[in-house]
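Reminder, nothing fancy here: chain letters follow the sequence lines and each chain counts from 1.
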2 protein chains.
Amino acid sequence: MSRNPEEPVYNRIEEARLALGLSRQDLADKVGVHYQTIGYLEREEYSPSLVLALRIAKALNQEVSELFSQNPFKKGK
Amino acid sequence: MSRNPEEPVYNRIEEARLALGLSRQDLADKVGVHYQTIGYLEREEYSPSLVLALRIAKALNQEVSELFSQNPFKKGK
DNA sequence: TTCAAATGTTGCATTAATGCTACATAGCAT
DNA sequence: ATGCTATGTAGCATTAATGCAACATTTGAA
């Protein structure tokens with residue numbers, strides 16, 4: 001599978017982050033990653049490790065399945 | 001964070017796999033990875049990518065949060 | 001016992017995820 | 001205009017996740 005460039009993972013990180021009034025830097029700090037990493041994830045340039053996904057979900061008070069999906073999200077949740 | 005050797009991810013893949021009567025090879029085939037990879041994950045020698053976690057959850061009919069956690073699982077679910 | 005299936009162990013190669021730095025751009029105050 | 005904050009882009013280095021092969025061990029069936 002080689003870390004799947006073919007099968008992307010969609011996410012609503014940006015939407016959930018903005019809903020909490022957080023900047024990328026804020027979220028990065030809460031989660032313990034570089035702020036650029038949040039940017040890469042929001043732009044879906046790559047998909048996170050499970051550890052990071054779990055941390056982000058916790059930081060944003062969401063279920064992993066609410067934030068990340070193999071299928072595109074519909075508009076407005 | 002450098003992919004966290006410090007903060008492990010616990011899982012109940014083996015339990016869920018056995019409950020369905022699947023061998024590691026069976027699960028690996030359903031999920032599209034090498035059968036050794038399932039072994040590594042069950043032994044918690046490393047934690048999967050989010051893509052793989054999503055696929056495993058789907059193959060085992062479980063929520064990601066039911067299968068993977070940052071905190072150890074209690075006995076018998 | 002013998003055989004096969006399932007699993008464990010080791011080792012090596014490849015690559016995506018992450019860290020980090022630097023610079024550009026856009027928007028919003030002042 | 002000036003400055004600050006947030007974000008985008010590009011490049012490079014490191015490392016964990018995965019593939020894969022070979023061999024050992026365990027377990028259960030015949």
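Two residues are said to be in side-chain contact when any heavy atoms from C-beta on lie closer than 4.5 Å; A:K30 and A:L22 meet this criterion.
Between B:Y10 and B:F73, the ring centre distance reaches or exceeds 6.0 Å.
When the P atom of D:dC4 is taken as reference, atom CD of A:Q25 falls 17 Å away, rounded to whole Å. Atom CD in B:E44 sits roughly 17 Å away from atom C1' in C:dT7 (whole-Å rounding). Between A:R43 atom CZ and C:dT25 atom C1' the separation is 13 Å, expressed in whole Å. With rounding to whole Å, B:L50 atom CG is found 16 Å from D:dA16 atom C1'. As rounded to whole Å, 19 Å separates atom P of C:dA5 from atom CG of B:L18. Here the P atom of nucleotide D:dA17 and the CG atom of B:N11 are 13 Å apart, to the nearest Å. For the pair A:I38 CD1 and D:dA6 P, the computed distance is 14 Å after rounding to whole Å. What separates CD of A:E14 from P of D:dT7 is a distance of 8 Å, to the nearest Å.
Put simply, CG on A:L60 and CZ on A:R12 are 12.0 Å apart, with the number rounded to the nearest 0.5 Å. Rounded to the nearest 0.5 angstrom, A:F68 CZ and A:Q62 CD are separated by 10.0 Å. Taking CG of B:L54 as the reference point, atom CG of A:L50 lies at 8.5 Å (rounded to 0.5 Å).
Nearest-nucleotide positions on DNA chain C for B:E45 and B:D26 put B:D26 closer to the 5' end. With DNA chain D read from its 5' end, the first of the two nearest nucleotides for A:L22 and B:Y46 is the one closest to A:L22.
Taking side-chain N and O atoms only, B:S49 has a distance below 4.0 Å to OP1 or OP2 of D:dT18. OP1 or OP2 of C:dG19 has at least one side-chain nitrogen or oxygen of A:T37 nearer than 4.0 Å. OP1 or OP2 of C:dT7 lies within a sub-4.0 Å distance of a side-chain N or O belonging to B:R17. Taking side-chain N and O atoms only, B:S47 has a distance below 4.0 Å to OP1 or OP2 of D:dA17.
A salt bridge links A:E42 with A:R17: the closest approach of a Lys/Arg side-chain nitrogen to an acidic carboxylate oxygen falls below 4.0 angstrom.
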- Message: Return a single string for nucleotides 20-30 of chain D, one symbol per nucleotide in 5' to 3' order, where B is base contact, S is sugar-phosphate-only contact and - is none, cutoff 4.0 angstrom on heavy atoms.
- Response: BBB--------
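When each of A:L52, A:V33, A:D26 is checked for a side-chain contact (heavy atoms from CB on, under 4.5 Å) with A:I38, only A:V33 meets the rule.
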